[in-house]
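Protein chains get the first letters and strands the later ones, always in sequence-line order, with residue 1 at the start of each. Just so it is clear, the model here is predicted, and its values are computed rather than measured.
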Amino acid sequence: MSDLLANLNPEQLQAVTLPPQHALILAGAGSGKTRVLTTRIAWLVQTGQVDPQGVLAVTFTNKAAKELLARLSGMLPLSFGHSARGMWIGTFHGLCNRLLRAHHRDAGLPQLFQILDSGDQLAAIKRLLKALNVDDEKFPPRELQHFINAQKEAGLRPHAVEAWDDYTRRRVELFAEYEAQCQRESVVDFAELLLRTYELLERNEPIRRHYQRRFRHILVDEFQDTNRLQYRWLKLLADDGREGGACLFCVGDDDQSIYRFRGAEVGNMRDFEREFHVANVIRLEQNYRSHGNILDAANAIIRHNTARLGKNLWTERGAGEPIRVFEAYADMDEARWIMEEIQSLVRDGMSRSDIALLYRSNAQSRVLEHQLFSAGIAYRVYGGLRFFERQEIKHALAYLRLIANPDDDTAFSRVVNFPTRGIGARSLEALQDAARTWNSSLYSTVPHLSGKPGTVLAQFVRLVEDLRRDTARLPLPELVDHVLDASGLRDFYRSEKEGQERLENLDELINAAANFLGESGADVEALAQPHALLADFLAHASLEAGDHQADAGSDAVQLMTVHSSKGLEFDAVFLSGLEEGLFPHENSAVENEGLEEERRLMYVAVTRARERLYLSFAQSRMLHGQTRYNLRSRFLEEIPEGLVKWLSPPSPRSMGARSGAGMRVEPARGGFAPRASQAPARSQDLGGLRVGQLVTHAKFGQGVIVAAEGSGADARVQINFGSAGIKWLMLAVAKLSPA
DNA sequence: GTGACCGGTTTTTTT
DNA sequence: AACCGGTCAC
């Protein structure tokens with residue numbers, strides 16, 4: 001016990017040992033949030049305040065859930081008499097899946113319902129629109145998908161949606177059709193997992209009471225990322241003063257809320273505090289990660305946001321190195337500079353994997369990769385396709401899904417003609433029409449068809465039936481193996497010229513099945529029912545798409561977006577592309593509170609660094625095939641100059657450098673640079689000025705030359721003055737000086 | 001059924 | 001620039 005609480009700082013200790021009441025922990029970046037969460041659980045269990053089965057811990061990602069469980073298992077060794085066994089630890093979606101499997105009847109679902117990931121959902125919607133003959137120009141599938149998910153996240157079924165115009169009325173009809181289709185096919189999308197569970201708990205009093213009594217303590221990680229429905233879900237299980245229920249222990253950081261665009265509702269923090277009369281709000285502000293200069297910069301930046309719950313990070317470590325800022329002439333120069341700095345850090349003994357290269361958008365990684373690659377520096381890019389999202393894996397899973405549930409039309413459509421077996425569009429159209437008249441799934445409609453479509457489709461049905469029969473007694477990995485062969489997938493990729501990697505991935509799927517089997521702790525009884533286990537495996541595949549990229553272990557520089565860096569930390573962090581329009585992103589200007597979210601993103605980026613932080617931007621940048629001239633990011637101006645060390649750009653052509661002297665410049669705020677309306681002229685006489693250069697105008701302040709035309713006395717330049725607008729000025733008239 | 005071509009798009013991402 | 005999705009010709 002004393003071990004458990006040793007070395008906690010006073011705020012952490014207070015949070016960990018709070019009495020059983022609702023609590024909100026405002027945990028700043030690097031303040032030991034996970035430690036508080038795990039120690040709180042361990043403390044509650046070890047002091048006998050709660051049985052392990054009375055604990056429910058909710059996270060957003062599988063990774064976080066795994067980490068929580070791993071650290072908890074270390075704190076609650078079996079020998080102590082208590083263990084993490086019996087606790088429910090998982091993601092919102094994983095827990096909902098568990099609840100819906102357990103109460104599938106009450107939730108109106110078959111036991112072996114399957115889960116659609118976003119891609120499956122989109123495919124299902126496209127299929128629906130086609131079947132209903134809906135013009136997908138008027139109702140773009142993606143937009144409809146977004147609409148449906150938004151309604152579900154607001155807790156609304158079609159009948160409850162208020163539609164004031166024809167367009168929305170039609171979308172609501174399609175929403176209803178989509179629901180009918182999902183129900184018919186026994187599939188459930190991500191939002192549905194949450195909404196179904198919510199409705200189950202809300203409507204079924206015995207079940208709700210059961211879980212309210214069972215869970216005494218609910219702990220929520222990354223609470224600032226919860227959406228409306230997740231918050232309401234928590235409210236149903238928690239003690240709101242009427243039905244008993246659990247204590248909520250919510251840990252989060254409003255300053256790190258960066259997922260508004262996918263439904264996260266920071267307001268949940270305030271609502272929680274108010275609706276649950278939270279008396280215990282604890283701020284964890286001591287940071288154990290970064291040096292002082294880095295924290296001071298982060299604090300200074302985030303202070304520009306309004307409507308914060310308020311927090312200020314501090315550290316006992318020293319100020320450390322200044323923050324290095326570099327202005328490059330072009331994106332390539334920026335990338336080269338970063339590459340050279342990395343080389344120098346590595347020479348000084350830093351390992352590559354302790355260095356991160358962050359950017360606002362994925363498109364920026366290309367230039368950076370190019371430089372690293374040509375310099376022979378090992379790097380690893382996060383993002384991109386994940387294991388269970390790969391085409392070949394999706395195909396294999398579709399066969400497996402058909403074994404578990406032949407009515408899954410999404411799976412059916414995906415592989416009915418893959419590998420090709422002469423089932424063309426005509427046959428499928430005939431099948432779809434028939435399925436509509438018989439109101440049954442594609443699979444079960446096949447026997448009703450005659451003629452050529454009937455024959456070829458019957459063969460496919462026979463294939464699936466053979467698969468089901470032949471795998472009925474096989475252990476899961478062998479089942480998968482058999483399906484890969486019998487479906488023809490292996491043969492297909494063997495004959496593909498670039499199929500080697502795909503074949504390896506298919507083999508990896510067998511491994512994944514074996515691992516799943518091992519981790520599931522399936523007993524003899526479960527092993528005797530491979531197809532039930534298969535359904536579990538499929539749910540696992542949908543809920544956990546796998547790591548972004550394997551290849552870990554190697555000592556490589558880490559490249560990723562600022563978003564994906566959340567939760568990680570590195571000795572050295574390079575943040576590139578600090579330009580208006582890029583970061584803050586131009587789209588954020590028109591979004592409600594978009595700029596504040598961008599600033600939180602900046603805050604997240606800065607607080608990733610332990611020792612060294614490098615910020616850089618370029619005067620010109622290739623984007624979408626065109627050169628853009630951007631002003632430097634306002635976020636740079638928000639960092640106190642005393643924390644910063646400006647580095648001279650290598651190019652003598654660059655005149656924008658303010659080396660050494662700190663940042664005494666007029667901040668050019670607001671507005672974004674447009675695309676250059678004209679390519680930079682090579683031999684124009686612009687009186688020593690050039691496109692891309694930063695200049696100062698007596699009245700408009702600082703701006704970037706975006707374009708030029710004419711020469712000599714007729715020369716005109718277009719300048720982006722940020723908030724003062726974009727103007728064409730006669731060089732002979734306007735008094736411009738290099739900034 | 002496949003490959004060539006055109007046109008529109010292009011922030012961030014988990015489940 | 002690069003990628004996706006759709007269409008068209010073979």
Indicate whether OP1 or OP2 belonging to B:dT15 is found under 4.0 Å from a side-chain N or O atom of A:Asn62. yes
Is there a side-chain polar atom (N or O) of A:Ser564 under 4.0 Å from OP1 or OP2 of B:dT13? yes
If you look at every strand shown and take non-hydrogen atoms under 4.0 Å, does A:Phe60 touch a base, only sugar-phosphate, or nothing? sugar-phosphate
By the 4.0 Å heavy-atom rule, please label A:Asp189 as base, sugar-phosphate, or nothing. nothing
Contact class for A:Ser118 vs. all strands (heavy atom < 4.0 Å): base, sugar-phosphate, or nothing? base
Have a look at A:Asn362 and say if it touches a base, only the backbone sugar-phosphate, or nothing, with a 4.0 Å heavy-atom cut-off. sugar-phosphate
Does the aromatic ring of A:His585 sit over the six-membered base ring of B:dT11, closer than 5.5 Å centre to centre and tilted less than 30°? yes
Are any of the side-chain nitrogens in A:Arg386 or A:Glu389 under 4.0 Å away from the carboxylate oxygens of its partner? yes
Looking at every strand, decide which applies to A:Glu153 at a 4.0 Å heavy-atom threshold: base, sugar-phosphate, or nothing. nothing
So A:Tyr259, base contact, sugar-phosphate only, or nothing? Heavy-atom distance under 4.0 Å. sugar-phosphate
Are any of A:Thr561's side-chain N or O atoms less than 4.0 Å away from OP1 or OP2 of B:dT13? yes
Does A:Arg262 put a side-chain nitrogen or oxygen below 4.0 Å from OP1 or OP2 of B:dT15? no
B:dT12 P sits how many Å from A:Leu358 CG, rounded? 14 Å
With sugar-phosphate meaning primed atoms plus P, OP1 and OP2, does A:Asp120 contact a base, only sugar-phosphate, or nothing at under 4.0 Å between heavy atoms? nothing
